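All values derive from a computational prediction rather than experimental measurement.
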Amino acid sequence: MKKRHFNFFILIFAAVIGYFSYIAIKQQIYINNISSEQSMIQQQLDTVLAENRKLSAEKKSLQDPKYIEKIARNELGMTKKGEIPYIASSKK
């Protein structure tokens with residue numbers, strides 16, 4: 001009868017394969033986390049850029065005297081000199 005000897009080469013090979021598998025899985029999880037974070041930040045960037053465009057358009061509109069007058073009349077209730085303000089009654 002032959003005696004079977006324990007082969008250390010197979011044990012070391014299995015350990016190396018296990019270690020590299022662990023590293024590969026860990027790296028894939030890290031890449032997935034970074035990818036999801038990147039998409040979330042891209043959405044935030046898109047939102048901020050849209051708001052920036054809106055504010056830039058409003059800033060440009062504020063250079064127009066007609067727009068300023070419209071805002072003063074509608075939102076602030078201001079009138080020109082000699083005008084009488086009309087306030088509608090909601091009571092019937």
Side-chain angles (χ1 to χ4, degrees):
M1 281 198 186
K2 284 186 176 179
K3 272 188 168 180
R4 293 199 82 187
H5 294 286
F6 188 70
N7 197 344
F8 285 106
F9 176 74
I10 294 174
L11 179 65
I12 292 173
F13 183 72
V16 168
I17 294 295
Y19 175 74
F20 284 125
S21 298
Y22 170 76
I23 295 296
I25 292 170
K26 191 173 176 181
Q27 287 296 317
Q28 189 61 42
I29 291 170
Y30 178 74
I31 288 170
N32 290 341
N33 289 340
I34 294 296
S35 178
S36 65
E37 185 177 335
Q38 180 185 12
S39 66
M40 182 178 67
I41 290 173
Q42 184 64 42
Q43 289 174 350
Q44 290 175 350
L45 177 63
D46 293 341
T47 302
V48 169
L49 288 175
E51 184 178 352
N52 187 20
R53 283 190 294 273
K54 177 183 159 193
L55 291 174
S56 294
E58 185 176 347
K59 179 183 173 188
K60 187 176 180 181
S61 296
L62 287 172
Q63 303 299 321
D64 183 16
K66 290 181 182 180
Y67 181 76
I68 295 171
E69 181 181 348
K70 177 184 169 190
I71 295 295
R73 287 179 176 271
N74 294 342
E75 292 183 14
L76 302 176
M78 299 178 84
T79 58
K80 288 184 178 180
K81 189 173 184 179
E83 288 183 337
I84 299 172
Y86 174 74
I87 301 173
S89 175
S90 60
K91 296 180 185 177
K92 287 188 179 184

Could you pull out all donor-acceptor pairs under 3.5 Å where a side-chain atom in residues 11-24 meets a protein atom, sequence neighbours excluded?
unit_1 : atom_1 : unit_2 : atom_2 : d
Ser21  : OG     : Ile17  : O      : 2.8

Mind listing the side-chain donor-acceptor pairs of residues 40-49 below 3.5 Å, one per line with the distance, residues two or more places apart or on another chain?
unit_1 : atom_1 : unit_2 : atom_2 : d
Gln42  : NE2    : Asp46  : OD1    : 3.2
Thr47  : OG1    : Gln43  : O      : 3.0

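The side chain to side chain contact (heavy atoms under 4.5 Å, CB included) search around Ile31 returns none, not counting sequence neighbours.
When hydrophobic residues (I, L, V, M, F, W, Y) are linked wherever their side-chain heavy atoms come within less than 4.5 Å, the members clustered with Tyr67 are Leu62, Ile71. Through direct or relayed side-chain contacts under 4.5 Å between Ile, Leu, Val, Met, Phe, Trp and Tyr, Phe9 connects to no other residue.
For residues 51-71, the pairs satisfying salt bridge (Lys or Arg N to Asp or Glu O under 4.0 Å) are Glu69-Arg73, Glu69-Lys80, with sequence neighbours left out.
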